[in-house]
Amino acid sequence: MKTLLSALCFLLSGLLCPCYAADNIVQQEHDLFATLFQGRQEERKPQWDAEHRALYHSGFSRNEAGRTVYSESIRLLSRDGNTLTTIRRQRLTGSADQAFRYHKSEAQAIVPFVFANTLRYIVDRQEERIDFQIWEMDAGNKHLLRIREKLVNLDTLLPQGEHLLYP
């Protein structure tokens, strides 16, 4: 609980902000998509790859225009648990334009293996909250055991819920 309160103070002080890098993808990251997804366009539930410290998944969805989009996502966790890099790529299916579009973002932990996002200014004030993702690793710090998400009301700092994101 003390860690959670420290994290809240840190977050509320405005020191936490995710950094975004549009299309700043290097060859090593292209190769990682090829290694993990093996060129197959299919639905994949989240899977952990200990060698790359990567949680990855893929699937099909519809965009705002109603077109079918295939997406792949890789979340890379640093060894010290302080950085979470998310790389996504997607492309329209059944189109002459088969090029992937990439998006990369990076989040800094508020404490090792704990990341936070705020839901502010897009919902009613009483619904604003902080979502904490807690990445739980095994003792050897290689295998991901689970990811828990705790939701905390921004006004009252009271818990709103908790659920399991992985597995």
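Side chains included, hydrogens not; waters and symmetry mates left out as well; all remaining heavy atoms used.
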If you measure only the distance, is there a donor-acceptor pair under 3.5 Å linking the side chains of Gln47 and Tyr56?
-> yes
Minimum heavy-atom distance Gly81-Ala109, with the two atoms named | O-CB, 3.4 Å
Could you walk me through whether Arg129 and Val152 pass the side chain to side chain contact (heavy atoms under 4.5 Å, CB included) test, one step at a time?
-> CA-CA 5 Å; Arg129 67 175 195 254; Val152 176; 6.0 Å; no
Sort out for me which residue in Thr86, Leu55, Leu32 forms a side chain to side chain contact (heavy atoms under 4.5 Å, CB included) with Leu76.
-> Leu32
dist Ile87:CD1 -> Ile74:CD1 (nearest 0.5 Å) comes out at 5.5 Å
Would you say Glu29 and Asp31 make side-chain contact, with heavy atoms under 4.5 Å?
-> no
Would you please indicate yes or no on a ring centroid separation below 6.0 angstrom for Phe115 and Phe132?
-> no
Do you know which two heavy atoms are closest between Leu144 and Trp48, and how far apart they sit?
-> N-NE1, 3.2 Å
Test: Lys142 and Glu51 ion pair at under 4.0 Å = no
In Å and rounded to the nearest 0.5 Å, what is the CG to NE2 distance from Leu36 to His52?
-> 6.5 Å
Pair Arg89, Tyr102: side-chain N/O donor-acceptor within cut-off below 3.5 Å = yes
Could you walk me through whether Thr85 and Lys104 pass the side chain to side chain contact (heavy atoms under 4.5 Å, CB included) test, one step at a time?
-> CA-CA 7 Å; Thr85 303; Lys104 183 177 179 179; 3.8 Å; yes
Might you point out which heavy atoms bring Ser71 and Gln90 nearest each other, and give the distance in Å?
-> OG-NE2, 3.1 Å
Under the side chain to side chain contact (heavy atoms under 4.5 Å, CB included) criterion, do Phe100 and Tyr70 qualify, and how do the steps go?
-> CA-CA 9 Å; Phe100 277 105; Tyr70 172 70; 4.1 Å; yes
Distance, nearest 0.5 Å, that separates CZ of Phe113 from CE of Met137 = 6.0 Å
Nearest 0.5 Å, what's the OG-CZ distance between Ser73 and Arg44?
-> 13.0 Å
Who else is in the cluster with Leu92 when I, L, V, M, F, W and Y are joined by side-chain contacts under 4.5 Å?
-> Val69
Below 3.5 Å, can you tabulate the donor-acceptor pairs from side chains in residues 157-167 to any protein atom, sequence neighbours excluded?
| unit_1 | atom_1 | unit_2 | atom_2 | d |
| --- | --- | --- | --- | --- |
| Glu162 | OE2 | Arg148 | NH1 | 2.9 |
| His163 | NE2 | Glu149 | OE1 | 2.8 |

What pairs of donor and acceptor atoms, side-chain ones from residues 60-67 against any protein atom, are under 3.5 angstrom apart with sequence neighbours left out?
| unit_1 | atom_1 | unit_2 | atom_2 | d |
| --- | --- | --- | --- | --- |
| Arg62 | NH1 | Gly66 | O | 2.9 |
| Arg62 | NH1 | Thr68 | OG1 | 2.9 |
| Asn63 | OD1 | Ala65 | N | 3.0 |
| Asn63 | OD1 | Gly66 | N | 3.1 |
| Asn63 | OD1 | Arg67 | N | 2.8 |

Short question: side chain of Arg53, backbone of Leu77 - any donor-acceptor pair under 3.5 Å?
-> yes
Is Glu42 atom CD crowded by more than 12 heavy atoms from other residues, nucleotides or ligands, each under 6.0 Å away?
-> yes
Answer with yes or no whether the side chains of Glu72 and Ser58 bring together a donor and an acceptor at under 3.5 Å.
-> no
Asn82 and Asp80: side chain donor to acceptor below 3.5 Å = yes
For the student: nearest non-hydrogen atoms of Asn153 and Asp155, plus distance = OD1-N, 2.8 Å
Does a side chain donor of either Gln108 or Glu106 reach within less than 3.5 Å of an acceptor in the other side chain?
-> yes
